[in-house]
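The block underneath contains the structure these notes are about, expressed in structure tokens.
Counting starts at 1 for both ligands and their atoms, in listed order.
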Amino acid sequence: MKLIFLGAPGAGKGTQAEVVSEKLHIPAISTGNIIREALKNGTELGLRAKEYMDAGKLVPDEVVIDIIRERLAQPDCANGFILDGFPRTVPQAEALDRMGVEIDKVVDIEVPDEKIAKRMAGRRVCPDCGASYHIEYKPSKDGKTCSLCGAELVQRKDDHPDVVADRLRVYHEQTEPLKDYYGKTGKLKIVIGQEEVADTTRMTLEAIEA
Ligand code: AMP
């Protein structure tokens, strides 16, 4: 099963990708997590991406396209994968097509902008393993450290309210046109993001199986 999860930043793509990845035994590939890891390790990719990421802007297409090309060539992708946060522009989607990747379903998780702003303010992430939590909707076991690896949770720089407004604008301008792009292929499924993570998961699995 080769899946794409679309949606605004903070719509819950990453959370759903993690859950569905476990259920279907396929890797969830988050370009955001790959870039954050590169940043943490001080690699050239990290250095190139930093200024874009911190400002809530998209990293140049050719950079993320190379990341995805390399990642999809890994053996764990042979039986399928979930792309979380890629493609984010029409040229990225075209590049994926040119790589010969046959996508089965594109799940678009829809959440209104007002709710997104609230969600992002409460999001906390693990700087070590990339797991994502929310202080209200999906707290870690003790509310402070990662339930998976024990590292102290942090707020992403780009989840600060001033940057969130920019990220939403970028989403509407550059990523939302992908709904049309995939709508034309008949593979697009719309899921309305729910308050409860488990409800959105149920609807997401129904959309994938439909
Ligand atoms: P995310 O964790 O998916 O919200 O991504 C965080 C940031 O990483 C984005 O705001 C971009 O700066 C960068 N990024 C992640 N995925 C992409 C992509 N497909 N294209 C361009 N930039 C990306």
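Legend: side-chain hydrogen bond (donor to acceptor under 3.5 Å, both in side chains) pairs involving residues 18-34, not counting sequence neighbours, sorted by first then second residue: Asn33-Arg36.
Residues passing the ring pair (Phe, Tyr, Trp, His ring centres under 6.0 Å) test with Tyr52, sequence neighbours excluded: none. For Glu176, the side-chain hydrogen bond (donor to acceptor under 3.5 Å, both in side chains) partners two or more places apart in sequence, or in a different chain, are His172, Lys179.
In this structure the side chain of Cys126 never reaches within 4.5 angstrom of the side chain of Leu148, judged on heavy atoms. With a 4.5 Å cut-off on side-chain heavy atoms, Val101 and Phe81 count as touching.
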Atom pairs and distances, ligand 1 N/O vs protein N/O under 3.5 Å:
unit_1	atom_1	unit_2	atom_2	d
ligand 1	2 (O)	Arg36	NH1	3.0
ligand 1	2 (O)	Arg36	NH2	2.9
ligand 1	2 (O)	Arg156	NH1	3.2
ligand 1	2 (O)	Arg156	NH2	3.3
ligand 1	3 (O)	Arg88	NH1	2.9
ligand 1	3 (O)	Arg88	NH2	3.2
ligand 1	4 (O)	Arg88	NH2	3.1
ligand 1	4 (O)	Arg156	NH2	3.2
ligand 1	4 (O)	Arg167	NH2	2.8
ligand 1	12 (O)	Lys57	O	2.6
ligand 1	16 (N)	Thr31	OG1	2.8
ligand 1	16 (N)	Gly85	O	3.4
ligand 1	16 (N)	Arg88	NH1	3.1
ligand 1	19 (N)	Gly85	O	2.8
ligand 1	19 (N)	Gln92	OE1	3.0
ligand 1	20 (N)	Gln92	NE2	2.9
ligand 1	22 (N)	Val59	N	3.0

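Residue Asp61 is tested with Gln174, Gln92, Arg88 for a side chain to side chain donor-acceptor pair (under 3.5 Å); the sole match is Gln92.
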